[in-house]
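We use all heavy atoms of the structure for the numbers below, so side chains are in, but hydrogens, waters and symmetry mates are not. Throughout, protein chains are lettered first and strands after them, A, B, ... in sequence-line order, and every chain is numbered starting at 1.
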There are 2 protein chains.
Amino acid sequence: MEIIALREAPVALGDLERSVMDLLWDQPGAHTANDVRDALAGDLAVTTVLTVLSRLEKKGLVRRDGGRRPHRYAAASSREDHTVGLLNEVLGSVPDREAVLARFIGGIGPDEAAAVRRLLES
Amino acid sequence: MEIIALREAPVALGDLERSVMDLLWDQPGAHTANDVRDALAGDLAVTTVLTVLSRLEKKGLVRRDGGRRPHRYAAASSREDHTVGLLNEVLGSVPDREAVLARFIGGIGPDEAAAVRRLLES
DNA sequence: CCCCAAGTTCTACGTCCTGTAGAATAAAGT
DNA sequence: ACTTTATTCTACAGGACGTAGAACTTGGGG
């Protein structure tokens, strides 16, 4: 069985893209472009929102249901999974993951350290 | 004592910038622009390298010693520290750090988990 | 069956970042 | 001073994003 390295495109988000994703993550479920526009701060054109949603779809962050007419958009994966992907991407760029983890662990607060310890035990 | 939130600019690196930083990290110490150019793959102009070094300096990733004439360049912080900064930047963009850490910890291999556990004990 | 309104896709443009480097300038050695 | 070496200025192409008008599509109401 061959393992195909699925190229995870460098998923860097712009400010507006980020806002849209935050919205989709905070309010799970399917949204229309108009929904999204109304929920966003500022007074954007719907086409702007649609453009951004398309780009996010191309990046694999948003899934679209184009069944009937007001198309519905939703986050393709949870915010947590997406963020973990980013973390691993960052960690994948260094030769010594553990050295980085060492510094990272050394820098977190005691409460968070406790949480991590708990997670490791289970 | 007031704590000033030092604005960590979104330190996203391009490919060449990344290559230069990897070089400075892998070979610590002060390098001239020509050193860097010779060590890089491809056949770049020195001016290109100097431009990149300047941009990296502006981003705070490189420190320059402009004392005598071939200026010397070196990484401003270790690769590990820089990467930890990136990790925290990513984690700072989510409302629930722990939820992300939970998924992250859940996804690491047993060997790495052991390493983290060891780090937490000390 | 045709038109309208709501919705979607195309096309476009300004801006910023990055890779790339020539031209112009400054300094150092002989 | 003159030549060589190094640095700064200026520039431009390409790509990503924010932004949105123009053009096209489609489901209902006449």
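B/Tyr73 has its OH atom 5 Å from the P atom of D/dT7, to the nearest Å. The separation between A/Leu44 atom CG and D/dG18 atom C1' is 9 Å, rounded to whole Å. Residue B/Lys58 contributes atom NZ, which lies 14 Å from atom P of C/dC16 at whole-angstrom precision. When rounded to the nearest whole Å, the span between CG of A/Leu53 and P of C/dT9 equals 10 Å. Between A/Leu50 atom CG and C/dA6 atom P the separation is 15 Å, expressed in whole Å. Taking atom CG of residue A/Leu56 and atom P of nucleotide D/dT19, one finds them 13 Å apart after rounding to whole Å. What separates CZ of A/Arg37 from P of C/dT8 is a distance of 12 Å, to the nearest Å. What separates CG of A/Asp43 from P of D/dG18 is a distance of 17 Å, to the nearest Å.
Residue-to-nucleotide contacts include no donor-acceptor pair under 3.5 Å from the side chain of A/Arg69 to the base of D/dG28. The base of C/dA21 sits within donor-acceptor range of the side chain of B/Thr51, with an N or O pair under 3.5 Å.
B/Asp111 CG: more than 12 foreign heavy atoms inside a 6.0 Å radius.
Residue B/Lys59 places at least one side-chain N or O closer than 4.0 Å to OP1 or OP2 of C/dT18. Contact annotation: B/Asn34 reaches the phosphate of D/dA6 (side-chain N/O to OP1 or OP2, under 4.0 Å). Distances shown here put every side-chain N or O of B/Thr48 at or beyond 4.0 Å from the OP1 or OP2 atom of C/dG19. Taking side-chain N and O atoms only, B/Arg64 has no distance below 4.0 Å to OP1 or OP2 of D/dA6.
Residue B/Thr47 places its side chain closer to C/dA23 than to any other of D/dG18, C/dA23, D/dA22. For B/Leu16, counting side-chain heavy atoms from C-beta on, the closest listed nucleotide (D/dT7, C/dT20, C/dG7) is C/dT20. Taking the side chain of A/Arg55 as heavy atoms from C-beta on, and the options C/dG19, D/dA20, C/dA12, the nearest nucleotide is C/dA12. For A/Ala12, taking side-chain heavy atoms from C-beta onward, the closest of the listed nucleotides D/dC17, C/dT8, D/dA20 is D/dC17.
Between A/Leu13 and A/Ala45, the residue anchored nearer the 5' end of DNA chain D, judged by the nucleotide with its closest heavy atom, is A/Leu13.
Residues B/Arg63 and B/Glu57 are not paired through a salt bridge, judged by the lack of any N-O separation under 4.0 Å between the basic side chain and the carboxylate.
The distance from atom CG of A/Leu44 to atom CZ of A/Arg37, rounded to the nearest 0.5 Å, is 9.0 Å.
Within the structure, the ring pair (Phe, Tyr, Trp, His ring centres under 6.0 Å) test picks out the following pairs touching residues 14-46 of chain B (sequence neighbours left out): B/Trp25-B/His82.
In this structure, A/Arg79 and B/Val100 have side chains that are not in contact, with every pair of non-hydrogen atoms separated by 4.5 Å or more.
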